[in-house]
Amino acid sequence: MNMPTDAALADFAPLTPPSGRGSLFVRRAVAGQGLLPRDLFVWVPDHPAPPAGFPVLYMQDGQNLFDARLVPFGTAWEIDRSVSRLADAGVIEPTIVVGVASTAARFTEYAPALVLERLNPDARDAVEAAWGGPAQSAAYARFVVEVVKPLIDAHFPTRAAAGATFVGGSSLGAVAALDILARYPDRVAGAACLSAHFSLLPVTETEPLPKGFAEDVTAAVTDFADNCLPRAGQHAVWIDRSAQGIDRFYGPTHAAIITALSRRGFVDGVDLAARCYPGVGHDEAAWRARIDDALTFLLGHAERARRNA
């Protein structure tokens with residue numbers, strides 16, 4: 001399968017990847033029903049496309065992935081370097097990366113309605129007040145799977161099957177990735193969830209929380225994981241955190257997800273990886289430093305994760 005023609009990519013403007021590897025494109029202001037429009041960044045490896053096409057990884061906060069000049073914090077994940085390095089070494093298959101940019105409504109778009117609906121009213125009200133309104137995760141997941149994915153499949157040499165489709169992100173973007181997997185287990189094979197912000201609050205580390213908030217959130221996350229995540233056999237999940245900054249609040253909810261996935265048949269090191277990275281914080285530099293680990297597991301172990309498919 002060859003690279004798409006210039007005519008096929010008329011709506012995708014070429015960019016120069018700072019890594020010097022692969023081809024980078026952007027499509028501006030892609031709209032989803034009920035959501036703000038956003039840019040899509042698409043990176044295609046410079047490896048030959050296999051006859052069946054490349055696997056695809058859909059990443060949230062896509063403006064932070066490739067070019068530090070686009071990142072408000074001045075640090076990019078440089079995920080194109082990671083994929084190229086790992087593919088060169090034969091650790092993973094060469095993979096297309098789609099960066100779905102976030103918008104001014106990031107908090108509500110990524111907010112996990114499947115968790116919030118399980119909270120008591122006081123806890124849910126506290127989250128919605130901090131984040132600016134009710135969760136839009138159902139609309140956002142639908143946008144990624146039913147708008148963005150068909151658009152990418154139509155224009156790039158993808159392997160469109162569910163077994164070659166992955167999602168990922170960091171912080172609330174990681175929560176959104178797992179929410180997408182929960183809602184579309186028949187369309188997505190796995191999720192990479194870095195610093196997954198399932199504690200929901202705090203965000204600033206200082207805001208006051210209702211009494212019993214952390215315990216209520218952990219119970220809601222447990223119920224979500226037990227009842228919404230798929231059983232083992234065709235999926236892989238990577239979930240990690242650090243030990244500093246707001247990541248230090250993540251232990252109980254991560255443990256709840258890991259325990260629930262284990263009950264559903266996931267096996268650590270096979271189709272589940274739970275990691276804690278001491279000595280680092282909650283930022284792009286920390287995620288860039290460990291994205292190789294997440295990609296190696298999620299993409300390199302994909303066949304083992306689908307062992308019963």
Side-chain angles (χ1 to χ4, degrees), residues 60 110-120 122-124 126-127 130 135 137 167-183 185 190-203 205 207 209-233 235-283 286-287 289-291 293-294 296-298 301 305:
Q60 319 326 305
Y110 290 177
L114 293 172
V115 174
L116 268 62
E117 67 191 21
R118 291 169 160 82
L119 293 175
N120 70 46
D122 286 346
R124 185 169 58 251
V127 173
S137 61
V167 292
S170 63
S171 193
L172 267 180
V175 174
L178 200 62
D179 184 271
I180 292 168
L181 176 61
R183 293 177 185 276
C193 305
L194 285 73
S195 291
H197 189 68
F198 276 99
S199 66
L200 306 183
L201 297 175
V203 175
E205 303 184 49
E207 63 260 43
L209 303 177
K211 183 179 179 180
F213 179 84
E215 293 78 9
D216 190 41
V217 169
T218 299
V221 168
T222 299
D223 193 41
F224 155 76
D226 274 333
N227 291 287
C228 300
L229 294 179
R231 294 192 175 278
H235 303 87
V237 175
W238 168 283
I239 183 167
D240 74 29
R241 60 186 176 92
S242 68
Q244 298 182 4
I246 59 175
D247 284 43
R248 72 183 187 275
F249 297 101
Y250 295 167
T253 54
H254 283 210
I257 291 169
I258 294 159
T259 299
L261 287 173
S262 297
R263 284 195 292 263
R264 299 182 77 74
F266 285 76
V267 177
D268 185 59
V270 178
D271 47 12
L272 171 64
R275 302 289 184 267
C276 181
Y277 292 82
V280 296
H282 186 94
D283 53 53
W287 302 323
R290 63 185 191 257
I291 188 60
D293 295 347
T296 295
F297 176 79
L298 187 68
H301 289 213

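Sorted by first and then second residue, the salt bridge (charged side-chain N to carboxylate O under 4.0 Å, His left out) pairs with a member in residues 235-246 read Asp240-Arg290; sequence neighbours excluded. The salt bridge (charged side-chain N to carboxylate O under 4.0 Å, His left out) pairs that include a residue from residues 193-203 number zero, where partners must be two or more places apart or lie in different chains.
Remark: side-chain polar atoms of Asp179 are not paired, donor with acceptor, to backbone N or O of Val175 under 3.5 angstrom. Under the 3.5 Å distance criterion, the side-chain polar atoms of Arg124 are matched with a main-chain donor or acceptor of Leu119. Remark: side-chain polar atoms of Ser242 are paired, donor with acceptor, to backbone N or O of Val280 under 3.5 angstrom.
Remark: Arg263 engages Asp226 in a salt bridge (Lys or Arg N to Asp or Glu O under 4.0 Å) (not counting sequence neighbours). For Tyr110, the ring pair (Phe, Tyr, Trp, His ring centres under 6.0 Å) partners are Tyr140, not counting sequence neighbours. Residues forming a salt bridge (Lys or Arg N to Asp or Glu O under 4.0 Å) with Arg275 (at least two apart in sequence, or on another chain): Asp268. With sequence neighbours excluded, the residues that form a side chain to side chain donor-acceptor pair (under 3.5 Å) with His197 are Tyr250. Under the side chain to side chain donor-acceptor pair (under 3.5 Å) criterion, Ser137 pairs with Arg183, sequence neighbours left out. Taking the salt bridge (Lys or Arg N to Asp or Glu O under 4.0 Å) definition, one finds that Asp247 meets it with nothing, sequence neighbours left out. Arg118 pairs by the salt bridge (Lys or Arg N to Asp or Glu O under 4.0 Å) definition with Asp223, not counting sequence neighbours. For Glu207, the side-chain contact (heavy atoms from CB on, under 4.5 Å) partners at least two apart in sequence or on another chain are Leu201, Pro202, Val203, Thr204, Leu209.
Here the closest heavy-atom approach between residue Ala135 and residue Ala111 is recorded as CB-O, 3.4 Å. Residues Ala176 and Gln60 share a closest heavy-atom pair of CB-CG, 4.3 Å. When every heavy atom of Phe249 is checked against every heavy atom of Pro252, the shortest pair comes out as O-CD, 3.7 Å. Ala243 and Pro278 get closest at one heavy-atom pair: CB-CA, 4.0 Å.
Ring geometry for Phe198 against His254 counts as perpendicular: the plane angle is over 60°, on a 0 to 90° scale with 30° as the lower cut.
The shortest distance between side-chain heavy atoms of Leu178 and Ile257 falls below 4.5 Å. Residues Leu272 and Val267 are not in side-chain contact: their nearest non-hydrogen atoms beyond the backbone lie 4.5 Å or more apart. When side chains are defined from C-beta on, Phe224 counts as touching Leu229, because their heavy atoms get closer than 4.5 Å. Counting only heavy atoms from C-beta outward, the side chains of Asp293 and Tyr277 approach each other to under 4.5 Å. Side-chain contact between Arg264 and Pro230 is absent, with no heavy-atom pair separated by less than 4.5 Å. Proximity of Leu261 to Asp271: side-chain heavy atoms (C-beta onward) are nowhere separated by under 4.5 Å. Put simply, the side chain of Phe213 reaches to within 4.5 Å of the side chain of Val127, judged on heavy atoms. Using a 4.5 Å heavy-atom cutoff, the side chains of Ser195 and Trp287 are in contact.
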List the steps and the verdict of side chain to side chain contact (heavy atoms under 4.5 Å, CB included) for Phe266 and His235.
-> CA-CA 9 Å; Phe266 285 76; His235 303 87; 4.2 Å; yes
Exercise answer: donor-acceptor pairs, residues 214-222 side-chain atoms, under 3.5 Å, sequence neighbours excluded:
residue, atom, partner, partner atom, Å
Asp216, OD2, Asn120, N, 3.0
Asp216, OD2, Asn120, ND2, 3.1
Thr218, OG1, Ala214, O, 3.0
Thr222, OG1, Thr218, O, 2.8

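For the atom pair Leu181 CG and Cys228 SG, the distance stands at 11.0 Å (nearest 0.5 Å).
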